[in-house]
K.L.:
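Got a structure here, written out as structure tokens. Questions coming.
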Amino acid sequence: MKRISLTQYLVEQQRRQGHITPQLRLLIEVVARSCKQIAISVSKGALGDVLGSAETENVQGEMQKKLDIIANEVLIEANEWGGHLAAMASEEMEGIYVVPNRFPQGEYLLLFDPLDGSSNIDVNASIGTIFSVLKKPDGSAGEAVAEADFLQPGTGQAAAGYCIYGPQTMLVLTVGNGVAMFTLDREQGAWTLTHDGLKIPADTKEFAINMSNQRHWAPPVQRYIAECLAGTTGPRGKDFNMRWIASMVADVHRILTRGGVFLYPWDRREPEKAGKLRLMYEANPMSLIIEQACGAATNGRQRILDIVPGRLHERVSVILGSKNEVERATTYHTDAA
Ligand code: P6P
């Protein structure tokens with residue numbers, strides 16, 4: 001595969017495939033540049049004043065890490081002036097951030113989890129930035145943008161991606177025409193296409209779940225995982241391996257790279273919550289990427305991308321990855337209904 005730059009990839013997607021507009025190309029380039037800036041802060045570790053808690057809570061009631069706030073500010077400051085966005089939404093902010101009047105407004109909405117997996121920051125495990133791009137609803141041109149404009153199903157995403165800050169810094173992106181991966185060439189500071197047309201194997205022997213929650217799961221998840229653990233002695237007739245990095249970006253990246261199934265299901269510890277992960281800026285972008293790589297993503301009962309959001313910070317149960325495993329785990333839910 002020819003190693004082209006992110007810019008050339010996006011120009012080709014715009015010129016040949018008609019998948020993206022000049023505004024969307026600019027948006028993705030700016031987000032990609034922001035991720036390079038975040039990568040620099042992340043890699044400073046103890047050498048920069050970036051580790052540890054910020055001693056503040058976010059809208060989710062979670063203690064914020066200093067890097068959560070740094071990453072959020074980088075994305076806001078980089079994206080507000082370009083004229084490609086009408087507003088932004090972040091895991092770290094309660095309400096939407098409308099582009100200030102001193103800047104031109106564009107037709108896109110950008111949502112992000114600026115630093116996902118931040119519990120891993122202080123132990124130097126891979127973390128990441130997840131982003132999702134929506135368009136302002138038709139007919140809302142010229143009207144003030146509102147939170148309701150963000151409440152669109154994941155099928156409406158114009159683009160989705162993540163950046164993983166790991167041994168390599170990589171940007172993973174879909175504009176609706178398959179999944180491409182760019183590796184950061186640190187000598188040139190350039191995103192370089194290293195993988196394209198990702199395909200997740202339909203079958204797998206690897207599952208990812210936080211087993212410490214096992215006693216809290218609903219019966220369909222208990223059954224699915226118990227069968228995986230039974231291996232060759234059980235109904236699956238094959239042994240499984242388990243991985244859990246507790247950083248969605250890292251677990252999803254492994255699944256994109258070699259297959260697997262990831263589950264963060266509803267559990268009875270907080271029964272009023274559909275799940276731990278957030279729909280708009282974690283599950284939706286990851287589900288679009290997974291589906292674009294021939295995988296599947298459900299909440300146990302329906303396709304995640306079809307869920308019509310009720311609230312900006314809505315949570316959702318997530319089962320995603322190798323298609324046949326997602327379908328099996330989902331069938332256990334619908335059969336139990
Ligand atoms: P637990 C990180 O905080 C996150 O939102 C996801 O990245 C990750 O998959 C999950 O939570 C880990 O949750 O309960 O295992 O710490």
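One-based numbering, in listed order, for ligands and for the atoms of each. What you see is a predicted model; the values in this text were computed from it and never measured.
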K.L.:
Just jot down the ligand 1 atoms closer than 4.0 angstrom to any heavy atom of Ala246, in number order.
P.N.:
2 (C), 8 (C), 12 (C)

K.L.:
Would you say the ring centroid of Phe182 lies under 6.0 angstrom from that of His195?
P.N.:
no

K.L.:
Looking only at protein heavy atoms, identify the closest one to atom 14 (O) of ligand 1 and say how far it is in Å.
P.N.:
Tyr264 OH, 2.6 Å

K.L.:
Please examine the side chains of Asp203 and Lys323, heavy atoms only from C-beta on, and report whether any two atoms are closer than 4.5 Å.
P.N.:
no

K.L.:
Given that the side chain starts at C-beta and the backbone is N, CA, C, O, which of these parts of Asp251 lies under 4.0 Å from ligand 1, counting heavy atoms, or is it both or neither?
P.N.:
neither

K.L.:
Under 3.5 Å between some N or O of ligand 1 and some N or O of Lys276?
P.N.:
yes

K.L.:
Please list, in number order, the atoms of ligand 1 under 4.0 Å from a heavy atom of Met248.
P.N.:
6 (C), 7 (O), 8 (C), 9 (O)

K.L.:
For ligand 1, which atoms have a heavy atom of Glu282 less than 4.0 angstrom away?
P.N.:
5 (O)

K.L.:
Apply the test side chain to side chain contact (heavy atoms under 4.5 Å, CB included) to residues Leu111 and Arg278: give CA-CA distance (whole Å), side-chain angles for both, the deciding distance (0.1 Å), then the verdict.
P.N.:
CA-CA 11 Å; Leu111 303 93; Arg278 270 66 57 156; over 6 Å; no

K.L.:
Polar contacts were defined as any N/O atom of the residue lying under 3.5 Å from an N/O atom of the ligand; does this apply to Ser118 and ligand 1?
P.N.:
no

K.L.:
Looking at ligand 1, does Glu62 have a heavy atom less than 4.0 Å from it?
P.N.:
no

K.L.:
Take every heavy atom of Ser119, measure it against each atom of ligand 1, and state whether any distance is under 4.0 Å.
P.N.:
no

K.L.:
Could you walk me through whether Tyr224 and Phe207 pass the ring-ring contact (aromatic ring centres under 6.0 Å, His included) test, one step at a time?
P.N.:
CA-CA 10 Å; Tyr224 177 75; Phe207 67 91; 7.5 Å; no

K.L.:
Go through ligand 1 atom by atom and flag the ones less than 4.0 Å from a non-hydrogen atom of Leu277.
P.N.:
5 (O), 6 (C)

K.L.:
Do Leu85 and Gln105 touch side chain to side chain, with heavy atoms closer than 4.5 Å?
P.N.:
no

K.L.:
Are Lys276 and Glu270 within salt-bridge range, i.e. N to O under 4.0 Å?
P.N.:
no

K.L.:
Give the numbers and elements of all ligand 1 atoms closer than 4.0 Å to a heavy atom of Asn210.
P.N.:
1 (P), 14 (O), 15 (O)

K.L.:
Quick check: are there more than 12 heavy atoms from other residues, nucleotides or ligands sitting under 6.0 Å from CZ of Arg3?
P.N.:
no

K.L.:
Any salt bridge between Lys136 and Glu107, counting N to O under 4.0 Å?
P.N.:
no

